[in-house]
Amino acid sequence: MLIAITRELEKNLIQKIADRYGVHYETLNFTIPPKIEMGELALPVAFDLARKVKRPPAVIAGELASDAGAMPGIWKVDVAGGYLNFHLDRGAFTLELAQSIERQQFGRISEPDQAGKIIVEHTNINPNKAAHIGHLRNATLGDSFVRCLRFLGHQVEVQNYLDNTGVQVADVVVGLERMENKTVDDLAGVKGKFDYYCWDVYARVADFYQKSEENRKLRSLTLQAIEKGDNSTAEVAEHVAMRIAKAHLKTMARINVQYDLLPRESEILHLRFWEKAYQLLKERRSIYFVEEGKNRGCWVMNTAEQAGSAVPREEAEDDEKIIVRSDGTVTYVGKDIAYQLWKFGLLGLDFNYALFETGNDHPLWITAREKDPESTQPPAFGHADRVYNVIDSRQAYLQNIVVQGLKALGFEKEAANSVHFSYEMVALTPACCEELGFPLSEQDRKRPFVEVSGRKGLGVKADDLLDALVQKVLTEIRARHELPEEESEKIARIVAVGALRYFLLRFARNTIIAFDFKEALNLDGETGLYVQYAVVRAKNIFRKLLESGEDCPKASDSYPDLGEFLTGNDEIWEIVYLAARLPEIVRQIAQSLELGQLCKYAFSLAQKFNLFYHRHHILSETDKRRKQNLLLVADLVSRQLEEALYLLGCEVPPKM
RNA sequence: GCGCCCGUAGCUCAGUUGGAUAGAGCGUUUGACUACGAAUCAAAAGGUCGCAAGUUCGAGUCUUGCCGGGCGCACCA
């Protein structure tokens, strides 16, 4: 809606500028004036034109203002300095917004900006230990991004890749089989949180490897046994990977994260995805065999900007990334290239699929080795036009190689549409490490943060953090309300998840989150809870209104003096205008991938609403028309806030 | 050594493709519940945007150099 008005305005002005000055712009950059009294949209184009036509900006702005006066949706235009400031028709705009919200459109225009299917891959936790806070950041970023894309009308498929045959799983299997002497049957009998159990085992494997060369050899022997299949070690690996994957899904379900498909590495191997990709890479000469030097016997990809025979061997070596090892096994990057090709439908192969039981109503599929004749028809997976891989920034180098692989194969368009959704890690503050009972070296204690390490068992487990949050919220609820325990717990869960997701999403992607319990468990100030509370307050107004037998206003009702009311109330109009900007914010996020912008938006809208709530006591308002206007505003703000919360993956509790 | 990222209030962080007076939260100080529930609101104090040049109508934002910190650059993923 707002976007439509802006586009219309842009189109008209570009034309007017061309007619009057003979200067042609492709786009115009609208900004927002510092104060709402100055208007809703500002355009500094006169500064730029001033240079081009050699006349003062204020004069140019004045001329454009008179041209732009009679445009649809624009009430008036004025000039300040060299800025062109546009004022919207407040009453008409507000009613249109209210109607759009009532249609569940939230003020957006209906068509997506670009058609085509989008795949978002996120979470991707190695299924060998419990999920930690770093994984939560990945999953919340990925999940909220998916929600935003779907809000904009895109078709999105969410994939959570399971590296069920990798080194990390092998390490835990070594620990279980060789250190703990466990068989599959023993493991099946392990009660309690299996992912926690493996967390501890995994943390001890490093020491086990340190002890002897023989122990270290077990790693590759185990890995080979897993890849080969049909043996007891492979069975243990299968048990571990799937059981832990289920634990991860359960953890993620707690924070409202769901997936459409679980592609497994084992299928990429068994269904020979890699062999197909290997063949393609060799045919197109994207990789080559090295006869001598340190990479002797390997198939490598040259990652230099301009590779050529002119470069001496020793230098070329530094730019080579090994894709196939000298023992003939493929590296992770190789498998990832195959997987990425499949995502775009370029591999000419497909997985088999089976439904995966999750206990919730969202259907989840998993790749399977064999076709299941009994299974219902799976949806058409893959064949994306655009792919986002949510992976932390330390893997930027590898993501680049995958994209280079696509380019080398001639898939330029797909390479350009492969996006590394990069974000920085969650680390621990030194204080947090000590709280967890981890001794730190003198050097580490001086550092701003300490990296989470699964190998050392150093990290805050996702479920533990959530439990701590739920407990904290629960004590707050008990102090405020007398409710049945079950209801308190339900509210506590919603509030805790809101707080957690908001906390993880509010930072910019390339900000390292130095995790600290005090900060993460904080429930004051800029938190998800604050936004939830604003909605709860708004809903209380409408609940009371209904209880007293009055009707809630509808967008289709008549509001005879709404325009006048808003013209006389800049503060209230400012709230409405901010509420209308939700789709614009979401559209920005589709570009910037910065979910923090949505947090900031929701928070500032909630802040303005709380002030509004404080200043205008609606239910006791005696002027009927004024009351109706206030109710309309409260309603539309509350609904936009609820939608923003939904996009952040947060729910609204019935009370708090 | 090469590549990428970050230095903004006491602390934790925002700051759209360069735009109008650099913003939030926490913490500190002070005030507001007989109200749609105060998990709230109001007010105050707090800044050489790491340093120095440059680009231009305009720089926290772009360029270069320097200082300080982080992350990559495996026949691991």
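These values consider heavy atoms only, across backbone and side chains, with no hydrogens, waters or symmetry-generated copies. Per chain, numbering begins at 1; letters A, B, ... match sequence-line order.
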Ignoring hydrogens and angles, does a donor from either the side chain of [X] or the base of [N] sit under 3.5 Å from an acceptor on the other?
X        : N      : result
A/Ser326 : B/rC75 : yes
A/Asn85  : B/rA20 : yes
A/Arg480 : B/rA39 : yes

Shortest side-chain distance from [X], nucleotide among [options]:
X        : options                : answer
A/Tyr530 : B/rU40, B/rG72, B/rA35 : B/rU40
A/Ala508 : B/rA14, B/rC57, B/rC36 : B/rA14
A/Phe507 : B/rC36, B/rA20, B/rA14 : B/rA14
A/Met425 : B/rG25, B/rC71, B/rU16 : B/rC71
A/Arg537 : B/rA20, B/rA38, B/rG69 : B/rA38
A/Pro33  : B/rC36, B/rA20, B/rA77 : B/rA20
A/His614 : B/rA77, B/rU17, B/rC41 : B/rC41
A/Arg394 : B/rC36, B/rC71, B/rA39 : B/rC71
A/Lys544 : B/rC57, B/rC36, B/rC41 : B/rC36
A/Thr511 : B/rC75, B/rC13, B/rC36 : B/rC13

Would you indicate what [X] reaches in the nucleic acid, counting non-hydrogen atoms under 4.0 angstrom: base, sugar-phosphate, or nothing?
X        : answer
A/His616 : base
A/Phe603 : sugar-phosphate
A/Ile589 : nothing
A/Asn610 : sugar-phosphate
A/Glu519 : sugar-phosphate
A/Arg296 : base
A/Ile618 : base
A/Tyr83  : base

| query | Which residue lies toward the 5' end of RNA chain B, A/Gln597 or A/Ser393, if each is placed at its nearest nucleotide? | reply | A/Gln597
| Of A/Phe449 and A/Met656, whose nearest nucleotide on RNA chain B comes first from the 5' end? | A/Met656
| query | Just how far is it from atom CZ of A/Phe609 to atom OH of A/Tyr530, taken to the nearest 0.5 Å? | reply | 10.5 Å
| request: For B/rC67, measure the glycosidic angle (O4'-C1'-N9-C4 for a purine, O4'-C1'-N1-C2 for a pyrimidine) and name it syn if it falls within 90° of 0, otherwise anti. | output: anti
| task | Can you establish whether the number of heavy atoms outside A/Glu487 located under 6.0 Å from its atom CD is more than 12? | result | yes
| More than 12 foreign heavy atoms under 6.0 Å from CD of A/Glu547: is that the case here? | yes
| task | Grab the CD-P distance between A/Glu526 and B/rC11 for me, whole Å please. | result | 18 Å
| message | Can you classify the ring geometry of A/Phe612 versus A/His616 as parallel (below 30°), tilted (30 to 60°) or perpendicular (above 60°)? | response | tilted
| query | With a cut-off of under 6.0 Å to the ring centre and 45° to the axis, is A/Arg264 in cation-pi contact with A/Tyr161? | reply | no
| remark: For B/rG7, the nucleotide meeting Watson-Crick or G-U wobble distances (both under 3.5 Å) is B/rC67
| task | I would like to know whether A/Glu550 and A/Lys627 meet salt bridge (charged side-chain N to carboxylate O under 4.0 Å, His left out); could you show each step before the answer? | result | CA-CA 12 Å; A/Glu550 288 183 65; A/Lys627 184 173 179 177; 3.2 Å; yes
